[in-house]
Enquirer: 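Submitted below is the structure of interest, expressed as structure tokens.
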Amino acid sequence: MRHVIALDVGGTGMKAALVGADGTLLHEDRRATGRERGPDAVIAGILGFAADLRAHGVERFGEPAVAAGVAVPGIVDETRGIAAYAANLGWRDVPLRDLLTGRLDCPVALGHDVRTGGLAEGRVGAGRGADRFLFVALGTGIAGAIGVDGRVEAGAHGFAGEIGHIVVRPGGTPCPCGQHGCLERFASAAAVSEAWAAACGDPEADAADCAKAVTSGEPNAVRIWQGAVDALADGLVTALTLLDPRTLIIGGGLAEAGETLFTPLRDAVRRRVTFQKLPTIVPAALGDTAGCLGAGLLAWDLLGATANGTDDGTDTPGSTDTTDGTDTDATDGTATTDGMEVTP
């Protein structure tokens, strides 16, 4: 059976699948990233995991994968297939596409984890059918993916979608990016966790605990939560003013609070818009499988582009339009779509 390898590399774990031509997950597996062993060990782990997936495909389906898609955090050079930098994995300038191509003996597409997850949400998840969408992941940091007609826009330099670094509170909390008052310093899961831990006196408390306290009406929790919602609404209105998306998809750990987040967020965005058209604001649908599904889409897109001699591809599961198979993002390596964790 014809299939591709999909691999989503996170700060703590790797999720992988063999994906059929119709988008079906034929086999799924997970392993620890092992970042505590250093970047060389992480790279070796990725290559070994990919090789094991290839071997499984040969054993189970009688043939190796025809392509692979890999999503990684940090700064990604899509043109050269290089994982340029990831703070949470400690690597720099890793020629990951070439390394994987050599190990797997098939074409490989390399993408950024949040952008790749956004690709999946836009094509086969919460944004399916929308011609324009914006996916925003609220994790340790905040990052986004700009979707246009079934593909994700990378920007001229691979930095498109960095909504977490929109300044929403000028002169506010310093951000590692060098600015002050960035959105992710106020509305990420990490920011909410930090504020709530300080307010309740429990250093182990996190954003999920804050959300629970909000539902019980705890005043400090309500104050912290509303502050995060207001900051997020300010950033989102800036984004929708520029991009005019039809659907706004919110994912990541903070979105797991459900209507505790979405009800006040929709109200806050609605109060702020004037001439802008209000998009449909929905929770992400694919959970922590989005990155893996997106990596599979990258692989199939790459095959379509190769077969047609183009960069935009065809014949992609879940879409009549496609991406170029190299959708990437560039972040400081802190954004994640995994759970309510405060470390990537």
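The figures here come from the full heavy-atom set of this structure, side chains too, leaving out hydrogens, waters and symmetry mates.
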Enquirer: Consider only side-chain heavy atoms of I, L, V, M, F, W and Y, link residues closer than 4.5 Å, and tell whether Val168 and Val273 are in one cluster.
Expert: yes

Enquirer: Any donor-acceptor pair under 3.5 Å linking the side chain of Ser193 with the backbone of Ala207?
Expert: yes

Enquirer: Can you name the closest pair of heavy atoms from Arg270 and Leu278 and give their distance?
Expert: NE-CD2, 3.9 Å

Enquirer: First locate atom SG of Cys200, then atom CG of Asp209, and finally report the distance between them rounded to the nearest 0.5 Å.
Expert: 7.5 Å

Enquirer: Charged N to carboxylate O under 4.0 angstrom, Arg31 versus Asp52?
Expert: yes

Enquirer: Would you compute the distance between atom CG of Leu25 and atom SG of Cys292 and round it to the nearest 0.5 angstrom?
Expert: 6.5 Å

Enquirer: Where the side chain of Glu218 meets the backbone of Ala213, is there a donor-acceptor pair that is under 3.5 Å apart?
Expert: no

Enquirer: Evaluate the salt bridge (charged side-chain N to carboxylate O under 4.0 Å, His left out) criterion for residues Asp230 and Arg272: first the C-alpha distance (whole Å), next the side-chain angles of each, then the deciding distance (0.1 Å), finally the verdict.
Expert: CA-CA 10 Å; Asp230 287 340; Arg272 284 163 171 76; 3.6 Å; yes

Enquirer: A side-chain contact here means heavy atoms from C-beta on lying under 4.5 Å apart; do Leu138 and Leu232 qualify?
Expert: yes

Enquirer: Does some side-chain heavy atom of Thr116 sit less than 4.5 Å from a side-chain heavy atom of Asp8?
Expert: no

Enquirer: Report the C-alpha separation of Thr260 and Trp225 in whole Å, then their side-chain angles, then the decisive distance to 0.1 Å, and conclude whether the side-chain contact (heavy atoms from CB on, under 4.5 Å) test is met.
Expert: CA-CA 9 Å; Thr260 301; Trp225 195 261; 3.9 Å; yes

Enquirer: Would you compute the distance between atom CD1 of Ile163 and atom OG1 of Thr238 and round it to the nearest 0.5 angstrom?
Expert: 8.0 Å

Enquirer: When you compare the side chain of Leu53 with that of His27, does any pair of heavy atoms fall below 4.5 Å?
Expert: yes

Enquirer: I'd like to know if Lys277 and Asp244 make a salt bridge, using a cut-off of under 4.0 Å between side-chain N and carboxylate O.
Expert: no

Enquirer: Quick check: closest heavy atoms across Ala233 and Leu265, and the distance to 0.1 Å?
Expert: N-CD1, 4.1 Å

Enquirer: For side-chain contact (heavy atoms from CB on, under 4.5 Å), just list the numbers for Glu184 and Glu162, CA-CA rounded to whole Å, side-chain angles, deciding distance to a tenth of an Å, and then say yes or no.
Expert: CA-CA 10 Å; Glu184 69 176 42; Glu162 284 298 330; 5.7 Å; no

Enquirer: For the hydrophobic clusters of this structure (ILVMFWY residues joined by side-chain heavy atoms under 4.5 Å, transitively), does one cluster hold both Val76 and Ile82?
Expert: no

Enquirer: With a 4.5 Å cut-off on side-chain heavy atoms, are Val282 and Thr247 touching?
Expert: yes

Enquirer: Do Glu121 side-chain atoms and Leu286 backbone N/O form a donor-acceptor pair below 3.5 Å?
Expert: yes

Enquirer: Report the C-alpha distance between Arg30 and Phe49 in whole Å, list the side-chain angles of each, state the deciding distance to 0.1 Å, and finish with yes or no for side-chain contact (heavy atoms from CB on, under 4.5 Å).
Expert: CA-CA 9 Å; Arg30 298 188 181 218; Phe49 197 6; 5.7 Å; no

Enquirer: Is it the case that the side chain of Arg80 and the backbone of Pro95 share a donor-acceptor pair, with hydrogens and angles ignored and the cut-off at 3.5 Å?
Expert: no

Enquirer: Would one find more than 12 heavy atoms of other residues, nucleotides or ligands at under 6.0 Å from atom CD of Glu36?
Expert: yes

Enquirer: Is there a side-chain contact between Asp234 and Arg169 in this structure, where contact means two heavy atoms from C-beta onward sitting under 4.5 Å apart?
Expert: yes

Enquirer: Test salt bridge (charged side-chain N to carboxylate O under 4.0 Å, His left out) on Asp301 and Arg123 and set out the steps.
Expert: CA-CA 12 Å; Asp301 286 355; Arg123 284 221 205 140; 2.8 Å; yes

Enquirer: Tell me the closest heavy-atom pair linking Ala126 and Ile249, and the distance in Å.
Expert: CB-CG2, 4.0 Å

Enquirer: Give the cluster check for Leu183 versus Leu242: same hydrophobic cluster or not, with ILVMFWY residues linked at side-chain heavy-atom distances below 4.5 Å.
Expert: yes

Enquirer: Determine the minimum heavy-atom distance between Leu254 and Ala187, stating which atoms define it.
Expert: CD2-O, 3.2 Å

Enquirer: With a 3.5 Å distance limit and no angle check, can you tell me whether Gln179 reaches the backbone of Pro174 through a side-chain donor-acceptor pair?
Expert: no

Enquirer: Are the side chains of Asp206 and Trp196 in touch, meaning some heavy atoms are under 4.5 Å apart?
Expert: no

Enquirer: Do the side chains of Asn88 and Pro73 get nearer than 4.5 Å, heavy atoms only?
Expert: yes

Enquirer: Is any side-chain N of the basic residue among Asp149 and Arg132 closer than 4.0 Å to the acidic one's carboxylate O?
Expert: yes

Enquirer: Would a distance-only check, ignoring hydrogens and angles, find a side-chain to backbone donor-acceptor pair under 3.5 Å from Arg54 to Leu104?
Expert: yes

Enquirer: Taking a hydrophobic cluster as the set of Ile, Leu, Val, Met, Phe, Trp and Tyr residues connected by side-chain heavy atoms closer than 4.5 Å, whether directly or through intermediates, do Leu47 and Leu110 fall within one such cluster?
Expert: yes

Enquirer: Is it true that a side-chain atom of Glu204 and a backbone atom of Asp202 form a donor plus acceptor pair closer than 3.5 Å?
Expert: no

Enquirer: Please name the residue in the list Leu236, Leu134, Leu248 that meets the side chain to side chain contact (heavy atoms under 4.5 Å, CB included) test with Pro279.
Expert: Leu248

Enquirer: Just do the side-chain contact (heavy atoms from CB on, under 4.5 Å) check on Ile146 and Val152 with the steps written out, would you?
Expert: CA-CA 5 Å; Ile146 302 165; Val152 171; 5.6 Å; no

Enquirer: State, to 0.1 Å, how close Ala199 and Arg223 come at their nearest heavy-atom pair, and which atoms those are.
Expert: CB-NH2, 4.4 Å

Enquirer: Starting at CZ of Arg185, measure out to CD1 of Ile142 and round the result to the nearest 0.5 Å.
Expert: 10.5 Å

Enquirer: How far does CG of Asp93 sit from CG of Asp77, to the nearest 0.5 angstrom?
Expert: 9.0 Å

Enquirer: Could you state the interatomic distance from CD (Glu194) to OG1 (Thr173), rounded to the nearest 0.5 Å?
Expert: 8.0 Å

Enquirer: For Val192 and Phe186, work out which heavy atoms get closest and say how close.
Expert: CG2-O, 4.4 Å

Enquirer: Under a 4.5 Å side-chain heavy-atom rule over Ile, Leu, Val, Met, Phe, Trp and Tyr, are Phe159 and Val167 clustered together?
Expert: no

Enquirer: Taking the side chain as C-beta and beyond, is there a heavy-atom pair between His180 and Pro170 under 4.5 Å?
Expert: no

Enquirer: Quick check against the 3.5 Å criterion: does Thr24 have a side-chain atom that pairs as donor or acceptor with the backbone of Gly20?
Expert: no

Enquirer: Kindly assign one of parallel, tilted or perpendicular to the pair His3 and Phe61, based on the angle between their ring planes and the thresholds 30° and 60°.
Expert: tilted

Enquirer: Can I get a per-line list of side-chain donor-acceptor pairs under 3.5 Å for residues 63-70, giving both atom names and the distance, sequence neighbours left out?
Expert:
from, atom 1, to, atom 2, distance (Å)
Glu63, OE2, Met1, N, 3.0
Glu63, OE2, Arg2, N, 3.4

